[in-house]
Each structure stands twice: as C-alpha cells, then as structure tokens.
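Shown next, in structure tokens, is the structure this report addresses.
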Amino acid sequence: MKVGLSADQELLVGTTRKYLQDSVPSDVLRGLRNRPEGYESDYWTTGAELGWAALLVAEEHGGGSVSGEGLRDLALVAYEFGRQASPGPLLGTNIVAGALSRADGAAFESELEQLVSGTAVGAWAYAEPVPHGGLGEVAASAVESDGQWVLSGDKVAVEHAAQATYLLVTARTGDGLTQLLVPTDTPGVTITPQRTIDVSRRYARVALRDVRLPATALVGVAGAAAADVELQLQAALVIQTAEMVGAMDRAFELTLGWLTDRYSFGRPLASYQALKHRVADQKLWLETSHALADAAAVAVQSGDPRAGELVSVAKSYLAEYGPELLQDCVQLHGGIGVTYEHDLHLYLRRVVIGSALLGTAREHRLRITTLLEARKGARKVEA
Amino acid sequence: MKVGLSADQELLVGTTRKYLQDSVPSDVLRGLRNRPEGYESDYWTTGAELGWAALLVAEEHGGGSVSGEGLRDLALVAYEFGRQASPGPLLGTNIVAGALSRADGAAFESELEQLVSGTAVGAWAYAEPVPHGGLGEVAASAVESDGQWVLSGDKVAVEHAAQATYLLVTARTGDGLTQLLVPTDTPGVTITPQRTIDVSRRYARVALRDVRLPATALVGVAGAAAADVELQLQAALVIQTAEMVGAMDRAFELTLGWLTDRYSFGRPLASYQALKHRVADQKLWLETSHALADAAAVAVQSGDPRAGELVSVAKSYLAEYGPELLQDCVQLHGGIGVTYEHDLHLYLRRVVIGSALLGTAREHRLRITTLLEARKGARKVEA
Amino acid sequence: MSEIESVEDFRARARAWLAENVPRLGPDHRGRSFVRPDDEELAEVAEERRLQRLLFDGGFAGICFPKEYGGQGLTREHAEAFDQELAGYAFPERLQVPNMTPCATVILEFGTEEQKRTHLPKILRGEELWMQFLSEPGSGSDVAGAKLSAVRDGDDWVLNGSKIWTTGAWWSDWGLCLARTNWDVPKHRGLTVFMVPIHQDGIEISRIEMLDGSNEFCQEYLTDVRVPDTDRIGGIDDGWTVGTRWLLHERSFSSSPYALHPTGSNSYGSAQGDPADNLLALLDSAGRVDDPAAREDVGRAYTLQVATSELDRRLHALILSGKGSDQLAAVGRLMHGVAGAQVATIAFELAGQSAVAGDVDDDVLGDLGMRYLLRQAGSIGGGTTEIARNVISERVLGMPRELALDRNVPYREVRTAPSGGSSGARR
Amino acid sequence: MSEIESVEDFRARARAWLAENVPRLGPDHRGRSFVRPDDEELAEVAEERRLQRLLFDGGFAGICFPKEYGGQGLTREHAEAFDQELAGYAFPERLQVPNMTPCATVILEFGTEEQKRTHLPKILRGEELWMQFLSEPGSGSDVAGAKLSAVRDGDDWVLNGSKIWTTGAWWSDWGLCLARTNWDVPKHRGLTVFMVPIHQDGIEISRIEMLDGSNEFCQEYLTDVRVPDTDRIGGIDDGWTVGTRWLLHERSFSSSPYALHPTGSNSYGSAQGDPADNLLALLDSAGRVDDPAAREDVGRAYTLQVATSELDRRLHALILSGKGSDQLAAVGRLMHGVAGAQVATIAFELAGQSAVAGDVDDDVLGDLGMRYLLRQAGSIGGGTTEIARNVISERVLGMPRELALDRNVPYREVRTAPSGGSSGARR
C-alpha cells in the first residue's frame, strides 16, 4: 500500500502493472527458467516505451519522469516488478543510464538513446569475487596509458551482463575510483553466465583482461568517482529494496488468502491463533519494510545528507526480515509452498537475491556504524 | 528432569534441595539484597557439611563425592542452586578447592580443610576489565623475584571476592600463565564490591598492586598453567550451565502453572494456541539445555578430548536461549513478572548473570571454531 | 471560524518562544532514571507542572485541543512542527501519557460540555494530573473484564474494588476509572466510566516495587468511594463504547497529536538524545570500537530505532489518509514492544560482563543489566504485544476472532482468574 | 528364549564384517543431491537394495526386528552399536524412512501373523520397498481428515482418491494407505489402513516438481483400485488406532532402533560427514577464515548441530527410562525442523553473494542458495513443526486441546478444504 501518489504516478504504476500482468504472468515466468536471457527482447523494449529506462535520465538527454522525481517513480516501478517477480534488466540499465546522464549526457547521447529506448541493456559491474567480495571492495584496476584506459580485474554477480551492450565498470586508479563505460564486445572482456537462484533474472561473471578503451570511455572524473559510486549504490539500493517490498507484499497476500481458504480440523487455518500471531508479525515486518524503503527513496531523491544511512537501514532491515517473512509464508503454505508449480517461490527467490546482493544485512550494519561515526566526527569539527 | 541418577546422588540432591528450601526460601532470598555478603556464614558452613565444597577435592585431601564423579555431583548441586536461586560462593570455592587439590593437595592441606569445611571461602580471580575483558584474556602479571612472587593487575567480576579468604589468581608470566593462591589480607590486595544484578550473589573488583607472595603461593607450574586454567574454566562452565538449567526449569514450571491458573476472556491462558506454541518452544529450549549441560558435565568429568568443545557448545546455547526463555516467561506473566514481590526475577537474574560471565555466547562460538580448527589440524598431523 | 496561523508562522513563533523561555537539556541528559528518592520524584513532578503552565501561558499547551477548553485549536501539522522545535528542550514528560492521552482525549471525546470546561483547562495548565484506573489484578489483558463495582445510590455511585498498574498514582490527582455497573449482562455491556479524585479517604494507594527497586506503579484499593453521577463519562452500562476508544488512544500514543513527542525522543516520549550518539558512546565505553561484532550490533540497534520511527510515520500517514484503519496503531504498538526489547538486548550484549558485574561508578554500562532485566516491560505495559497481535490479525487483517467464552453470557457466570480484591502483585 | 549375543561381541563382529564387505564412502562424499537424472536415481535405488540384501545375508538387517520375520531379534543397544560402526560406510539410505519406520514397524505392530511373515522378510531383504500413502491434497496437517475412500465389495475393498507427498513412489513397491471407510461417524472413527501395491493399472503416479527442480515427491491418483480384505491392517474403521502409532513412529524416526542412522549422519540419516569439517570447508571457500562474524557463525551452526544430537540422545533416554512419554519425540521433531532451518540460514549467510549468483563450478557455495530456498522443507515434511508444537503443549505438557470443529460430527458434515481429487500442487 503506497500513500500519497500523484495521479501521474498512479498512471505509471497502473500501466506498468497491467503490462507486467499481461505479458509475464506467472506461468510464463516459470517457463523463463529455460531461456538463457531470462526475458524476451520485445518485452523489454515495450517496457522501455512505458518509461522504465528513462527515469534517471535528464530530460535534455532524452529521459524524464512523470513526477520530476525520477528515482521515486523508479521505485514504484521496481515495487511492481517485485509484486510480479518480473523479468528484465531494470536495475542495471537504470543505474548505467543515470550515471551517464549525470556525468555527461551530451557525450553519451547515443548510448543514452539506446538505453532509454530499450534497444540496449546496461549493466553495472561493481561487485567482485572472493577475496574482494565485500561490499564496496574494488580491486579491478583502470590505468591511463598513452591516452587510453587499460582495465583489468574480475567482476561477479553483474546483473544481465550477458544481455548487456554496455558495462559500467567501477575500478581503482591508485587510491581513488574510476568508472569506465565498456561495450561488451570490447576485446579482453569475457562474460560467463553464473548460476543463480532466480527464475528469470540473470547474473554473470565479467573477466577484464587488459581491456583497452579510449579516453571517451571515462564516466565522471578519473580517480575521483567515489561520490558517483556512492550515489549509484544508493539508487541501486532504493530499486532493490522497493522490489523486495513488492515481492514481500504479494507473498503476504497469497499467504493470507491461503490461510483463509484452507481448512484443518474443520476450521479455517486463519482461525488458529498461533498462525494469526505469526501473520501479525509478518504484517509488522511488511509495514516496516514499506516505511523504510519509502524513506530511503525520499532521502536519496532529495539528496538528504542522511540518505546513505537510510538506504543501509532499509537494506539491513529488509535483508533480515524479507527472507524471514517469505520463509514463514512458505511454512504456512506447507508442502505446496516449495513446489515449482506454486507461485510463492518466485517471490521467495526475488527477496532472497535482494538480501544477498549489493551488501548483506551484516555489511550494511557495519556501514551504518561507520556512517554514524563520520556524522559525529563532522559535527564535532563544525562545533 | 535428570535421568540415571544413583541412589547416593538422589540423596545428595534431595538433602541439598530440602536444605535450600528450608533455609533460603524466596522471601528470605528477597531480603538478602540488603546484606553485603549475600548469605549468612552459618548457611554456608552447614551447606559445606552436606559436601558442597568437597566434591572436587581428592579423598586423601579431605574431599570426596558420593558417586566418585565429583564434578557430576557438583553439577547436580548447582542445578538445585539454580532451581532455588540460592546464595553462596559455590562456584568459586569449588574451583579453588579443586585446583589446590589437583596441584598439590598435601601442600595446601590447611587451606583445603578450611574450604571444604566452609570456614573459608575461595574465589577465582580470572576475568579482567576492559580493554582485556575478553574471555581468556589475562594481562595481570606474576613475576618471580628473589624467591618471591610479585603480582600486579586488575580482576573483575570475581565471585564473592569480598567474602573470600583465598583468591586463586590467574596471571601471566612471560608467554605463559601462572596461578597463585593469595590470602585476601595480603598487602596490596584491594577488593571493591561491584554492583550486580543478582539479589544474593556478589561480585567484586580486585586490584593487585605489587602484591608480594612466598614461593609456596604457586599453584601448579609457573608459566605453564594454561592446561590447569582450561580445566578450571571447563569445570566452572559445568557448574554455571547446570545452575542456569535449574533456574530455567523452575521458571518454566512457574509459567506453566500461571498459564493454567489464570483466565482471560473466560478461558484459561493455557488454552490460547499462540501461547501454547511459545511454551512448546520453551520446552524445546529447556530440554536441549538439559541435554547440553549434562553432556558437558559428562565430558569434563571423563576427560573427553571434546570436553572443551562441549562446554562451549553448552554455554553458547544456554547463553542464547536461557535468557530468551526467561524473558518469554516474564512476558507470559505480564506485569506481575517484573515485580520484586514475585519470584520470577530471581531466576531471570541467575540465568542472565550466567549468560554474561565466563564468556558470552559470542565468545564461546568463536572459541568453538578455534577448537574445531585445532582438532582438524591435529587430525591432519596424525594422518 | 477564524483563519488559523500557518504552520510555518507557528513554527517560527514556537522556536523563538522556546529559546526565550524554556530550559535546554544538558548534553549528557540521559532521560529519567526510574529509581530515585520520593522527594526527588515529587520535585520533578512539580517542575513538570511548572513547565506545563509555562507552555499554557505561552500559548503552546494542548496544540490540538479546542480553544474553548484552553487549547490552541490547531492541527496535527502544528503539533508536529512543535515537536520538532521542542527537540533538546525540557518538557513535561510525565504529563503526556496517560494524562494528555488517553485521559484528556477521552474526556474531550465523551465528556459533557461541563466536564470538558471543568477539567480540560486544568489539565492543560498542569493543575490536574490524570491517570488511568483501568487494569485490575487478575484481569490481565482482558480490560473489559473489570470487577471494580459501582452501585447506584441516589445521585451517587458507590465504588468498591481494586485497580493496578497505575503510574504514579501517589503524585497524581484524578483517575479515569472503568467500573462494572451491571453483572447480569455480558461483559462488555455492563461497564461504566467515572472520574475519581485519587486522594480521598476511601482510596488506599499501595506502591508496587518493580524488580529494579523502582516503585512508580501503584495499586489502588477503593472502599465505598462515592462518585456523583455528574462525574460519569458516557452512558450507564455503555462504558465499553468509551473503553474501545480509550484503548485505541492508548495504543496510538506514539503518534497522537494530543501529546508532545520531541523529535529524537524515544518511543515513550522520553528525551534520550540522538540514538546514534548513545550507541556510539556505548561502543566506546565497552572498549569495542574495533570489534566488528560490536560494530554490527550498533548498526542493528540503529536500524531498529530508525525502523520504529519510520513505521510510526507511515502508520500515521495511512490512518490520516484514510487508507488504513485506526486499528493499524496496533502495528506500531507491537513494533515499540518488540524493537525496544531487541535494542535493550543489543545494548546488554555490547556491554558484556560489565552489565552484570560492573563498577559502581560505571554509569554507561552499569545500568544496562537492569534495563535488560526489565526489557519486557515495554511489551507488557499499555496493552501487551499479544493483544496487539490479536488486534492486527483480527481487526486489521480480518482473520477470525478468537473464541471468547464470556460472550453473550452474564458476566457473573463467567469463569475468571482467582483475583478478588487482593494484590495481584503478591504471590 | 536363547541368550542373545552381547553388545560388545556383536560390535566386534559388525566391525569386522563391515570392513570386509561394505564399500566405504569417499572422503568428499557430500550426501545425496536431490536433482539428478532419473536413470541415476534408479541405479542408486538398485544399489541400495543390493546393500540391504548384503546386510541381510550378513546377518545385520533389521537388528531389532524379530528373528521369525527375518530380523536379528536384538536390542536397541545393538542397533546403536551398529550405527556407530556403520559410520563412514555406504548404507541403504533411502530404505530407512519411511520404509523401515514407520511402514515396517506399523506392519510389525499391527499386522497379522501372515502379513508379517509375508512382508517383513522381503522388506529386510530389500525386495519390497514401502512408502506412506498418508497425506492428501487439501488435508494438510490434518492426516485423519483423509478422504481417499475405500468401499467394501465382497472380499475386496475398492479404493478411490488421491494421496500426495509420497517420496519416490515411482521407484517403490508398496504403499501403506490410510483410507476412509465410514463417512457417517466422526473423523477419527471411520478410517482403515490397507496395504496397496503401487504399480498397478488403477494407480496413476504424478511426480511433483519442487522449486529446486527435483521431483522425488509424488502424487498418486487411485481409481477403482481393488484391495483384498486380507491386505487390511488393523480393524475396519479402527484405522486411527494404527494411525496414532504410525504418526508417533514417524515423529520418532531420528531415534528409532528400526532404522539405521550411521553416527555422524545428519538428522535424516544422510551421510554428510563431520559437521565441523563441512563448516570449516565453507568458511574457507567463502574466503572468510579471518572474519570474526563468519567464525562466530561456524560456532553457532556447530552448536545447533551438537544440540540436536544431544537432545535426541536425552529424549531417547527419557522415553526408554519411562521418565518421559513417547510424545516427547515431538520435541526432537521440532528441533530437527528449527535447527535445520537455522543451519541452512547460517550456511547461506556465510556464503554471501556466491550463494545467489555463483560460478557454475562452485560446488561448495553454489548449492547453498537453493538449499536455503528449501530450508523449510525439514519443518514441513514428516508432520509440520506446528503439529509438533501442538503435540508438545497438549500431550507432553497437558495444556488444553485446541478446539476441533470436526469432533463428534459425522465426517461428511465437516467443512474441509477445497481439494477434491485435484492436485494440491497445482494452483
């Protein structure tokens, strides 16, 4: 349940919902497990026509949002994706498009046009494998050499990298970060699909071996991209948590319906107090998740100085209670809840993936403490 | 519920239980909060006559146990202490007496006689304050100088130190550990009562400032006491977990009785399924706690090579589920459960103290992992 | 009706007035400690009455109460602006719950014109301090199972019985009292609400000692207490109509516009400073700034604290927008209980052994053991979390109601707990 | 009665025989993976039947089954000794639960002499493999609510209806089937138990795909299946007498002396190696040997695993000594469900992102995501943890029974779930 949407936002949500329901109902979704791409390209371009990939792009670069608050609109779309466990490279494409628009929309005009129209997919190559698997650890290197950039390293869990035309790679240059836009057909780039627990969403490992790129591949400032990366992370977490809440919401609805319809010992399951109290706890977790995901979206959208804390608070809460809620929904369904034919696992997968990528609950708790210390330190300096 | 006790053990348990019920019923216990010592000295010497302080002392040094398995008998006594939230320096006196008997019972004949008869109290000074507050951290130093020992450092949470005649101090000598028996009236020893959450059990900080002791104060081997300390820790954890289980047991009984007796909306509380299911979880935690505390006692008693793991498994489980069980008992009692007049808090305090001293759940989990690695390493060396 | 002042004008005026008139809290103010000598407690109550009077005289008392009863006649948005401005200032903490809500709000909603004109201005001036005579020994969560009886005698009613868990009855003035006036009808249909002056011959106040030694809660024994019928609130035997709203106000205290909650205060409106600062101070005192497990604990506790306030904000918006029923307040009540207990547990674990055996002068860590022992209090007082879960499942989500064996049965025939008039706090 | 062999002699004989005859598991044996081609599965079942025959020929099959039915006529202590010796050897894992218990134990307890002589030796030789026809679509935990109907026709019964959650019905031989023979009496009084050959024309087996792609569970549709009255177990309409013991055997599988549980195997008898080794390997693969949080997780998981086995041992001793009722088995069942889910969660968290998006060849971490998705399976199959909590509170602790609206009512009048004969696995 979302409060305070404008009419335009209600329209965006309604159109998106109807399109998702019609084009990828759950039976279609179940079949997608056998498709390497996880979605049909038509599906994505039509979605892009609804504005899905334009929301973080400035109007002068071909983007735009219904409310003027693109990230909040995008969170509404992501929420619908969660409610339907929908396929498609929503997160990666938007993060890449947003980064290009913010850095230099004019220079990346052609790429932005393709991303916004859905003819190209973008993927953000950020996370790295063990032993650099921690949130924010970047070991991949970008070195400037003769007016070119040379990129090396390994990235994992890159959403839809194998379907992408462009990778936005976050790398290290000395002590700072550098971001480069890398067409996936650049020599030295090897993309290997990974196994994943989702039915339709795909992830890949990206190996970068002396990948040579022109100076124009640079997104933002060389060696000084940390603030951009933080903004991307915040936006990605807003999308991720919104989607998780959507999936939680739908799973909760299914469970409440199930308990009402099923009888045991002559009574509806919903009449058993032990189950009622668990559903009450689920409701608590769900409402709190809504509250935190919304608060994070508002904070990042408005550039609130506490946005970094709030996305991590939202993520640390959802990564803990989202999977718990879903697993309890499974338990309340009984055996049917772990069958492939039932819908519940579609939402379970989406929530569980969200809990583990872009930082675990634990990593975000640690991040919160570091941010709180920084805030306290800054206040002391002011005083 | 204890399984497989011998007739002699049943007698020890029965005598102890009756004595505790008669001498320190809960109204007496409540009054003890205002007594600095936390117990009457008569109470303790009479208890000692029942054998409470003799169980870890060899027969040739004036000790002995009914079953020949002193630690298991002591765990039965500690369990009764938990069930009645009874006062007295049970843990410290036994640990000190056991260590003296094991090291050189003949040399410490007089001290052992006093401890076993209850005319002296022993306290084990082991834990240290921040920044050395972690389980097993020892910064206090024992230095040999001119045939004397010089002891310096700080100890905290020393059970009944202010009531003790003898402290067994665990200190560091170079890379190894040294243990010294320190009469509490030795110059340089300052004992300051600490505040504690228990009604009758007392803890103190012990400051040691250039405390000079004769060579005969040495217990065991200088600089090589690590194995002794580990044995003491294991025995102490057996006593502590047995006591915690006793307190959990009693709180569970009280709660089951309360739910049966009280009515709400015309029905006994015990008929509400949400409460029934929580009580079922409590029963699970309680039975598992019994199982683990017993297994730890058996393992330490028999010198099982996995004894170190098992005491930590027992402690890590009890430190987590003991307080949870007690707090849920409080919740099921409602407001009455947090009043001083009710008995429940007596058990709550005992379980919570146990959860925090001699290593927290977290510290024991870390210890388990280290022990498992050591076991694996040892197996590799063998193979 | 006249135009009301804009929120921003009001905010500016409040800011200036507060800076001029109200003492600021010190930087190390840590909120009320619950164990203190009675004379200190009385002095604090007197000071809070003075602060309330100060607010009243300054035109800031009862922001959402109508002007004709001494309030300011402003909106929830004004109340929120004032809460934000109030952060960091001393305020009459004890006079908020249950005095302003639910007591004053119940009078506002159900009182006669005369009752409202008599009592509300006095409450808003800090002259009358109200408490709830609601729970009874033995009734537990079943508030409507009240057995304190009121029997009509001419123009009066004669009250006999006992109430329990009344906060600070010994320093308060009036009790809002739920009584049984009819035993021959089902439970909910035989109740009536009365206003009762606390300090009078027929009322014996007994203080209940909690496990931490505090004794702010009281039990009252009423013996032949006469209450004029004009001090009845709502209809005879219709007390449950009042009672359901009363309980709803109680559950909603954390988002009520009728009580002050300075921004940054904890869930009970107590000024605790920024939770982040408290957690970081704890981390430091425990000597665990570099311990990742402890750092994770700080992040977890902060998450729960932010989650609680963001949930409150959302529920409040849902209820206000009409998208959610008033009963959603139970979700907030559950969160305050659950998260409060979790935060107390985390703080306890951060402190480690110092929380159970600490130096006498260790004020940061030394209290945490006792707070942990009391951690369930926030899940019991003000309606248990169990009742909140019932409300959420049944009234918010529409799941089937629990079987109640006391429905449609004359109350005198219902099996109840063995309570009588004796203290439920005694074993 | 002849003297039986001492436990120690038996142990020595078993040790020697095992070393001589039975293949050892490799050091990296990780237990059954549940997604594999059917032909592999069938080959494994055939190998397990061979192992069972090997045990039988060696004189070690059915240690606690009487000699006259092909067993060894020994005691629980012998069975435990054998379990200890069996550690590290291959054994017929699939033939333990539900084949040996509850199926064979129910036949042993309630079968006629002829039924026992016919079936038990074949089961012990691995020639007959039994499964439970117990759950039905729509009946959920309410096993006694079976609707599969059996109607008497001469010397036969005619069965119609559906059963679900039968493990490996497609590679098994016989089903122990709970059927409704009387709709005009209350639920528990109209049931009868039959023995039914699985592979016959009237039985259609449909395999249920689980979320991980495995399809070991089946649903069976019975259409006019004729069963001779001589294949009835227990009295007509008295099936619940059998059923209560059947369910108890099911709940007690983890401590049953009728099934093998090699020491060190997990709760389902699956050989998983030393849990400590698995946890340390995981810590290593995740690259987190130096991460205190991960190290704490290993300690927590190990605690839960040791706790589960020590609890099993205690419950078993309590039941054996008569100090506790048989119903205590429900405590163990609850623990296996709860702790299993917790350990799966810890392993998932240790693995981090690799568990949800891992390299195809990462066998250590890559499975953990799917295992986590399935973590509730151990709290559902074999009677849910909810039912276990009911049993603990009501039958172990004596708390009041739940209201059942189907008591003392003819079963045909009871409101039940909308199931009919259709697949409960379809939406």
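Interface remark: B:T260 contributes no atoms to any contact with chain D (heavy atom separation under 4.5 Å). For a residue to count as touching a neighbouring chain, one of its non-hydrogen atoms must lie under 4.5 Å from one of that chain's; by this rule D:L279 does not touch chain B. For D:V396, the part sitting under 4.5 Å from any heavy atom of chain B is the side chain, from C-beta outward, and nothing else. When heavy atoms are compared at a cutoff of 4.5 Å, B:K276 approaches chain D by way of both its backbone and its side chain. Heavy-atom distances place no part of D:D297 under 4.5 Å from chain B, backbone and side chain included. Using a 4.5 Å cut-off between heavy atoms, B:E309 touches chain D through its side chain atoms alone. Proximity to chain D is absent for every atom of B:S289, based on heavy atoms less than 4.5 angstrom apart. Heavy atoms closer than 4.5 Å to chain D are found in the side chain of B:L259, but not in its backbone. Looking at B:L284, both its backbone and its side chain come within 4.5 Å of chain D, counting heavy atoms on both sides.
Aromatic ring pairs are classed by plane angle as parallel below 30°, tilted from 30° to 60° and perpendicular above 60°; the pair B:Y272 and B:F265 is perpendicular. Between B:H333 and B:W258, the ring-plane angle classifies as parallel under the 30° and 60° cut-offs.
We find that B:E363 and B:K315 are not joined by a salt bridge, their nearest charged nitrogen and carboxylate oxygen being 4.0 Å or further apart. The residues D:R389 and B:D281 are annotated as salt-bridged, a charged nitrogen and a carboxylate oxygen being separated by less than 4.0 angstrom. With salt bridges taken as basic N to acidic carboxylate O contacts below 4.0 Å, one links B:R365 and B:E320.
For the set B:T369, B:L366, B:I368, the entry with the most heavy-atom pairs within less than 4.5 Å of chain D is B:T369. Counting heavy-atom pairs closer than 4.5 Å to chain B, the top residue among D:V338, D:T385, D:V306 is D:V306. Of the residues considered (D:R295, D:R401, D:R313, D:E386), D:R295 shows the highest number of contacts with chain B, using heavy-atom pairs under 4.5 Å. By number of non-hydrogen pairs under 4.5 angstrom with chain B, the leading residue of D:R300, D:E310, D:M335 is D:R300.
The line from CG of B:L76 to CD of B:Q9 is 5.5 Å long, rounded to the nearest 0.5 Å. The OG1 atom of B:T255 lies 9.5 Å from the CZ atom of B:R250; values are rounded to the nearest 0.5 Å. Rounding to the nearest 0.5 Å gives a distance of 14.0 Å between OH of D:Y302 and CD1 of D:I346.
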**Request:** May I have the step-by-step check of side chain to side chain contact (heavy atoms under 4.5 Å, CB included) for B:R306 and B:R375, ending in yes or no?
**Result:** CA-CA 9 Å; B:R306 288 181 57 209; B:R375 175 149 64 88; 4.1 Å; yes
